[in-house]
Amino acid sequence: MLHFQERNTEDLLNNYSGNAVVAYLLKNKREFLSEPEKVDYTTEVAIGLLKSGLSLTDKAAVIACFKKEILNEDLANEIIGILKVKEIGLAYEFLLKVMSLSNKTDEKMVVLNYTLEKNDFDEAAITALLNTLPGKLKEIAEKGKRPELPDTPETKRLVELLKAKDYISSFSESKNGIRVNTKLK
């Protein structure tokens, strides 16, 4: 088997399938994980590594090295699944792209809530993150709207966070869900 070296990694990335590259990286796991930023990840390799038996800590280290240009829906869904259970310090633009590509609403809600708790974003940044949500949830970002949202723990947590950040005017719980009063234009 090839030893982990930058040249070997580049040759494999340029000439072999993603599965072969993943096998090589996992075979040389200790060396690879000591410098994960030295790999020029492709979408296929990134997905393969995130689906592998690497620990969450190792996956977090690898995700932090991905470039947003390799993101697609499948990779975004893998990343969201990991972000749901493991905090990773990601650049805002990268996180925004992951959120916009992922179709896993429940996981996105958990990640969004955690992100809003840990960061002091301005209104534009919060609006962009909210716009990654589907349906009625997205309406929270529209001024003057009064969307009624499903009454779930994550939705309640979200509106509480948005109220605390003075992003929405108010919210109320009813038998049909949570009514959000967005700020007027």
Name all residues meeting the side chain to side chain donor-acceptor pair (under 3.5 Å) criterion together with E142; count only those two or more places apart in sequence or in a different chain, and write none if there are none.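 E142: no side chain to side chain donor-acceptor pair (under 3.5 Å) contacts found.
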
Just jot down the side chain to side chain donor-acceptor pair (under 3.5 Å) partners of Y16, sequence neighbours excluded, or say none.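 Y16: no side chain to side chain donor-acceptor pair (under 3.5 Å) contacts found.
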
May I ask you to check whether [X] and [Y] show a side-chain donor-acceptor distance below 3.5 Å?
{"X": "T43", "Y": "N72", "answer": "no"}
{"X": "T182", "Y": "Y167", "answer": "no"}
{"X": "E148", "Y": "S174", "answer": "yes"}

Below 4.0 angstrom, N of the basic side chain to O of the carboxylate: do [X] and [Y] qualify?
{"X": "D40", "Y": "K67", "value": "yes"}
{"X": "K165", "Y": "E123", "value": "no"}
{"X": "K183", "Y": "D166", "value": "yes"}
{"X": "R7", "Y": "E10", "value": "no"}
{"X": "E78", "Y": "K59", "value": "no"}
{"X": "E160", "Y": "R157", "value": "no"}

Give me the atom names and distance for the closest heavy-atom approach of [X] to [Y].
{"X": "G48", "Y": "V22", "value": "CA-CG2, 3.9 Å"}
{"X": "A46", "Y": "I70", "value": "CB-CD1, 3.9 Å"}
{"X": "P134", "Y": "T105", "value": "CG-OG1, 3.3 Å"}
{"X": "T127", "Y": "A141", "value": "CG2-CB, 3.9 Å"}

Once rounded to the nearest 0.5 Å, what's the spacing between atom [atom1] of [X] and atom [atom2] of [Y]?
{"X": "E31", "Y": "Q5", "atom1": "CD", "atom2": "CD", "result": "10.0 Å"}
{"X": "I88", "Y": "L83", "atom1": "CD1", "atom2": "CG", "result": "4.5 Å"}
{"X": "L158", "Y": "L137", "atom1": "CG", "atom2": "CG", "result": "7.5 Å"}
{"X": "L149", "Y": "N176", "atom1": "CG", "atom2": "CG", "result": "12.0 Å"}
{"X": "F66", "Y": "L49", "atom1": "CZ", "atom2": "CG", "result": "6.0 Å"}
{"X": "C65", "Y": "K38", "atom1": "SG", "atom2": "NZ", "result": "12.0 Å"}

Check: [Y] and [X] side chains under 4.5 Å, non-hydrogen atoms:
{"X": "Y114", "Y": "V110", "value": "no"}
{"X": "L13", "Y": "V39", "value": "yes"}
{"X": "E117", "Y": "L161", "value": "yes"}
{"X": "Y24", "Y": "F4", "value": "yes"}
{"X": "I140", "Y": "F171", "value": "no"}
{"X": "I80", "Y": "L101", "value": "no"}
{"X": "Y41", "Y": "P36", "value": "yes"}
{"X": "N103", "Y": "N77", "value": "yes"}

For residues 131-140, which residue pairs pass the side chain to side chain donor-acceptor pair (under 3.5 Å) check, not counting sequence neighbours?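 Qualifying pairs: none.
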
Between [X] and [Y] (side chain of the first, backbone of the second, donor and acceptor by atom type, cut-off under 3.5 Å), is there such a pair?
{"X": "T115", "Y": "V111", "result": "yes"}
{"X": "Y92", "Y": "A125", "result": "yes"}
{"X": "D58", "Y": "L54", "result": "no"}
{"X": "D151", "Y": "E173", "result": "no"}
{"X": "N181", "Y": "S169", "result": "no"}

Would you find more than 12 non-hydrogen atoms of other residues, nucleotides or ligands less than 6.0 Å from K97 atom NZ?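 For K97, atom NZ is crowded (more than 12 foreign heavy atoms under 6.0 Å).
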
Counting only heavy atoms from other residues, nucleotides and ligands, does the tally under 6.0 Å from CG of D120 exceed 12?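 It does not: D120 CG has 12 such atoms or fewer within range.
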
Test V21 against E44 for side-chain contact (heavy atoms from CB on, under 4.5 Å), laying out the working first. CA-CA 9 Å; V21 176; E44 185 181 5; over 6 Å; no

If you apply the rule side-chain contact (heavy atoms from CB on, under 4.5 Å), what do you find for L71 with I79, and how did you get there? CA-CA 10 Å; L71 292 172; I79 293 170; 3.6 Å; yes

Would L33 and V62 satisfy side-chain contact (heavy atoms from CB on, under 4.5 Å), going step by step from the backbone distance to the final call? CA-CA 8 Å; L33 291 173; V62 172; 3.9 Å; yes

Kindly indicate, with the supporting measurements, whether the criterion side-chain contact (heavy atoms from CB on, under 4.5 Å) is fulfilled by R146 and V180. CA-CA 5 Å; R146 296 187 66 232; V180 176; over 6 Å; no

